[in-house]
Amino acid sequence: PRAGQNGYHHRTEMNKKIYQIGSSANQFNATTENDLTKKNITPLGGFPHYGVVGEDYLMVKGCVVGPKKRVLTLRKSLAVHTKRLALEEVSLKFIDTSS
């Protein structure tokens, strides 16, 4: 790669906690066990500078580097997680879709 372009091609994120893997086949994919309101994952008016989510998606804790619609490669961590925070099971109670 050319000088200054390494960040685009060699971007590594570690230890991202996955909250939800959503499918585009399910129309009401923001419904949880505790919140039975039938709603879509896209907030009212769509995401800023992105729009409406029409494909499969991945909900991740924290931030992800790069602009919107940038392809992101995820891989399993090489280190074994032993901390309580990393080992706890994720259970979403409510997904806020208000804009």
Side-chain angles (χ1 to χ4, degrees):
R2 300 182 70 179
Q5 304 300 315
N6 285 335
Y8 186 90
H9 301 288
H10 303 282
R11 202 160 282 192
T12 303
E13 287 290 321
M14 291 185 60
N15 304 328
K16 293 292 183 185
K17 185 165 280 244
I18 296 175
Y19 280 164
Q20 184 181 27
I21 300 173
S23 172
S24 62
N26 185 5
Q27 183 181 4
F28 305 114
N29 46 17
T31 303
T32 61
E33 292 180 9
N34 295 340
D35 180 28
L36 298 177
T37 307
K38 294 185 176 182
K39 56 187 174 181
N40 196 344
I41 196 68
T42 306
L44 297 173
F47 284 101
H49 305 288
Y50 183 83
V52 178
V53 177
E55 298 294 326
D56 297 345
Y57 65 92
L58 188 69
M59 190 184 301
V60 180
K61 178 180 181 180
C63 62
V64 178
V65 295
K68 287 99 177 147
K69 298 188 181 183
R70 162 98 26 106
V71 175
L72 182 70
T73 304
L74 299 175
R75 62 183 286 283
K76 190 172 175 142
S77 177
L78 296 175
V80 178
H81 297 290
T82 57
K83 293 192 176 185
R84 178 175 288 172
L85 185 65
L87 296 177
E88 71 179 0
E89 195 66 31
V90 174
S91 63
L92 293 176
K93 294 186 168 86
F94 178 74
I95 299 173
D96 187 17
T97 58
S98 61
S99 57

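Predicted model only: the values in this text are computed from it and were never measured.
V64 and M59 fall into different hydrophobic clusters, defined by Ile, Leu, Val, Met, Phe, Trp and Tyr side-chain heavy atoms under 4.5 Å apart, directly or through other members. Neither Y57 nor V60 shares a network with the other; the hydrophobic side chains, linked directly or stepwise wherever heavy atoms of I, L, V, M, F, W or Y lie under 4.5 Å apart, form separate groups for each.
Remark: L87 CG is packed, more than 12 non-hydrogen atoms of other residues, nucleotides or ligands lying under 6.0 Å away. The number of heavy atoms from other shown groups lying within 6.0 Å of CD (E88) is above 12.
In this structure, K69 NZ and H49 NE2 are separated by 11.5 Å, a value rounded to the nearest 0.5 Å. Separation of atoms NZ (K38) and CZ (F28) is listed at 5.5 Å; rounding is to 0.5 Å. Here K39 contributes atom NZ and T31 contributes atom OG1; the two are 7.0 Å apart, rounded to the nearest 0.5 Å. Rounding to the nearest 0.5 angstrom, the gap separating the OG atom in S23 from the CD1 atom in I41 is 12.0 Å. Separation of atoms OG1 (T37) and CD1 (I95) is listed at 11.0 Å; rounding is to 0.5 Å. Taking NZ from K16 and OG from S77, the interatomic distance works out to 12.5 Å, rounded to the nearest 0.5 Å.
Using modelled atom types, no side-chain atom of K68 and backbone atom of P48 make a donor-acceptor pair closer than 3.5 Å.
Between N15 and H81 the shortest side-chain heavy-atom distance falls below 4.5 Å. Side-chain contact check for L92 versus Q20: some heavy-atom pair is nearer than 4.5 Å. Contact check for L58 versus L74: side-chain heavy atoms found under the 4.5 Å cut-off.
Side-chain atoms of T32 and N34 include no donor-acceptor pair closer than 3.5 Å.
Between S98 and P43, the shortest heavy-atom contact is O-CB, 4.2 Å.
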